[in-house]
Structure formats: C-alpha cells, structure tokens
Amino acid sequence: MKALFLSLFILISIPGFSQEISTMDFVKTIDENREELIYYYENNWKVLRDIALEKGYIESYELMTTLEDSDSRFDVILVTRYKSEAEYNKAEERFQSIIEEVQKSGGLKLLNDLKPGEFRSLEFYATTKTMFSPCSK
C-alpha cells in the first residue's frame with residue numbers, strides 16, 4: 001500500500017505530469033462592431049465553455065477586454081484552461097460534440113446579420129503551459 005502511494009506521489013511530482021494548458025486567442029474588433037463581437041462571444045463561445053466546464057472538460061475560461069491605453073493590435077483575449085495536456089488533447093473532439101449538441105437547439109446566435117468574419121479578426125493565438133502559479137498544485 002505504501003508503495004502505491006509513493007508511486008502516485010512521484011508521478012504527481014514529475015514536472016509536466018499534470019501542468020495546466022491554456023489557449024489564448026487575441027481578437028481585434030472590425031469596423032467598431034464591439035457590441036456585435038461581445039454579443040457573439042457571450043451567446044456562443046461562453047455557452048460552449050459553460051457546457052464544457054459543467055462536463056469537466058475544461059478547468060476555466062475568461063473573456064478579457066483591453067483597456068483604452070493598451071496597444072491596439074487586439075482588444076479581446078479569450079482564454080480556455082485545461083487541467084492537463086491530456087485534457088487539452090481531447091478538446092477538439094469534445095468541443096465538436098458540444099457544438100453539435102448546441103446546433104440542435106438553434107445554432108449560432110448573432111446580434112445582427114453580420115457574419116463573424118465581418119466583426120472580428122483573430123490576430124494571433126497562443127497555447128501555453130503553466131510552469132507555476134499560486135493555484136498550481
């Protein structure tokens with residue numbers, strides 16, 4: 001029994017074994033359609049993440065907006081956090097099933113008739129691994 005606990009402790013202690021993975025999308029509003037952009041993310045992106053959170057697929061998510069004095073290359077940052085690289089590797093398949101689920105109940109919600117490509121531009125994205133934080137185990 002002690003050997004089992006020692007083995008589990010060693011596995012958990014190995015760097016990278018269960019490090020959090022985050023994805024970040026840096027988005028720019030096109031043609032001052034900020035209201036459309038926020039509506040889109042609140043009624044689509046957030047809905048998918050709420051379901052993923054409820055199912056335990058993700059650890060957390062955030063939508064952040066930049067302050068007025070920030071660099072204007074982007075104005076929204078979307079963050080999705082996964083408990084581990086293993087969970088991150090399952091994300092595409094899991095989100096696809098959630099999207100199919102949501103599409104059955106009405107699909108994409110837009111404020112106006114603008115398509116997403118008309119009010120937002122993905123400037124760049126990053127996938128990160130948390131090395132340490134106050135929340136790290």
Side-chain angles (χ1 to χ4, degrees):
M1 187 64 120
K2 284 183 183 179
L4 176 63
F5 285 121
L6 181 59
S7 297
L8 287 173
F9 177 76
I10 290 170
L11 281 176
I12 291 170
S13 301
I14 295 172
F17 179 73
S18 64
Q19 290 175 316
E20 183 179 85
I21 300 290
S22 298
T23 59
M24 295 189 225
D25 294 344
F26 297 82
V27 179
K28 178 76 175 158
T29 306
I30 296 175
D31 295 332
E32 299 187 28
N33 286 301
R34 190 172 180 89
E35 187 178 352
E36 182 80 35
L37 179 90
I38 298 302
Y39 180 91
Y40 172 80
Y41 284 121
E42 185 174 356
N43 292 281
N44 297 283
W45 185 86
K46 179 183 181 299
V47 169
L48 299 178
R49 272 132 192 92
D50 283 340
I51 294 168
L53 191 61
E54 185 178 298
K55 291 180 181 249
Y57 295 167
I58 64 173
E59 192 71 13
S60 66
Y61 67 88
E62 290 178 65
L63 183 150
M64 297 178 276
T65 58
T66 58
L67 299 176
E68 288 180 25
D69 62 346
S70 296
D71 184 335
S72 63
R73 293 182 298 159
F74 57 87
D75 35 36
V76 171
I77 305 168
L78 306 165
V79 179
T80 305
R81 291 187 183 85
Y82 302 87
K83 186 181 283 187
S84 66
E85 193 166 348
E87 294 298 310
Y88 167 73
N89 289 334
K90 298 174 190 173
E92 190 67 36
E93 181 182 320
R94 288 174 166 176
F95 272 107
Q96 193 56 47
S97 72
I98 294 170
I99 289 168
E100 290 169 10
E101 214 177 285
V102 169
Q103 284 178 337
K104 291 176 186 174
S105 64
L108 193 62
K109 294 184 175 89
L110 301 170
L111 183 61
N112 299 301
D113 292 329
L114 296 176
K115 304 251 187 290
E118 297 175 292
F119 59 81
R120 68 175 180 155
S121 170
L122 176 61
E123 296 303 302
F124 56 97
Y125 68 93
T127 302
T128 64
K129 182 184 291 188
T130 302
M131 300 309 291
F132 57 86
S133 77
C135 300
S136 298
K137 294 174 180 81

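In what follows, residues are counted from 1 in the order of the sequence shown.
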Report summary line: Contacts of D75 meeting side-chain hydrogen bond (donor to acceptor under 3.5 Å, both in side chains) (sequence neighbours excluded), chain-then-number -> T29
Report task. List for me each residue that meets side-chain hydrogen bond (donor to acceptor under 3.5 Å, both in side chains) alongside E123, sequence neighbours excluded, and say none if there are none. Result -> S121
Requested in this report: Please assess K28 against R73 for the test side chain to side chain contact (heavy atoms under 4.5 Å, CB included), listing each intermediate value before the final yes or no.
Outcome: CA-CA 7 Å; K28 178 76 175 158; R73 293 182 298 159; over 6 Å; no
Query raised in the report: Would the F95 and Y57 ring centres measure less than 6.0 Å apart?
Result: no
Quick check for you: to the nearest 0.5 Å, what is the distance between [X] atom [atom1] and [Y] atom [atom2]?
X: K129; Y: S84; atom1: NZ; atom2: OG; result: 10.5 Å
X: I38; Y: L63; atom1: CD1; atom2: CG; result: 5.5 Å
X: Y39; Y: N44; atom1: OH; atom2: CG; result: 8.0 Å
X: L78; Y: L122; atom1: CG; atom2: CG; result: 8.5 Å
X: M64; Y: F74; atom1: CE; atom2: CZ; result: 9.0 Å
X: R34; Y: E32; atom1: CZ; atom2: CD; result: 11.0 Å

Show me the side-chain donor-acceptor pairs of residues 49-56 shorter than 3.5 Å, one per line, residues at least two apart or across chains.
{"from": "R49", "atom 1": "NE", "to": "T80", "atom 2": "OG1", "distance (Å)": "2.9"}
{"from": "R49", "atom 1": "NH1", "to": "W45", "atom 2": "O", "distance (Å)": "3.4"}
{"from": "D50", "atom 1": "OD1", "to": "Y61", "atom 2": "OH", "distance (Å)": "2.3"}
{"from": "D50", "atom 1": "OD2", "to": "K46", "atom 2": "NZ", "distance (Å)": "2.9"}
{"from": "K55", "atom 1": "NZ", "to": "E101", "atom 2": "OE1", "distance (Å)": "3.4"}

Between [X] and [Y], is there shared hydrophobic-cluster membership here, with clusters defined by ILVMFWY side-chain heavy atoms closer than 4.5 Å?
X: L111; Y: V27; answer: no
X: V47; Y: I98; answer: yes
X: I58; Y: I77; answer: no

Query - side chain to side chain contact (heavy atoms under 4.5 Å, CB included) assessment of M24 paired with V79 - result: CA-CA 5 Å; M24 295 189 225; V79 179; 3.9 Å; yes
**Report entry** Partner residues of Y88 under the ring pair (Phe, Tyr, Trp, His ring centres under 6.0 Å) criterion, sequence neighbours left out
**Finding:** Y82
Query - Derivation and outcome, side chain to side chain contact (heavy atoms under 4.5 Å, CB included), residues T130 and R81 - result: CA-CA 10 Å; T130 302; R81 291 187 183 85; over 6 Å; no
Show me the donor-acceptor pairs, under 3.5 Å and distance only, between side chains in residues 102-110 and residues at least two apart or in other chains.
{"from": "S105", "atom 1": "OG", "to": "V102", "atom 2": "O", "distance (Å)": "2.9"}

Query raised in the report: So, are K90 and E93 salt-bridged, with charged N and O less than 4.0 Å apart?
Result: no
**Report entry** Basic-acidic side-chain contact under 4.0 Å: R120, E36
**Finding:** no
**Report entry** E118: salt bridge (charged side-chain N to carboxylate O under 4.0 Å, His left out) partners, not counting sequence neighbours
**Finding:** none
Query raised in the report: Yes or no on side chain to side chain contact (heavy atoms under 4.5 Å, CB included) for Y125 and T23, after CA distance, side-chain angles and deciding distance?
Result: CA-CA 7 Å; Y125 68 93; T23 59; over 6 Å; no
Query raised in the report: Is atom CZ of F124 surrounded by more than 12 heavy atoms (other residues, nucleotides or ligands) closer than 6.0 Å?
Result: yes
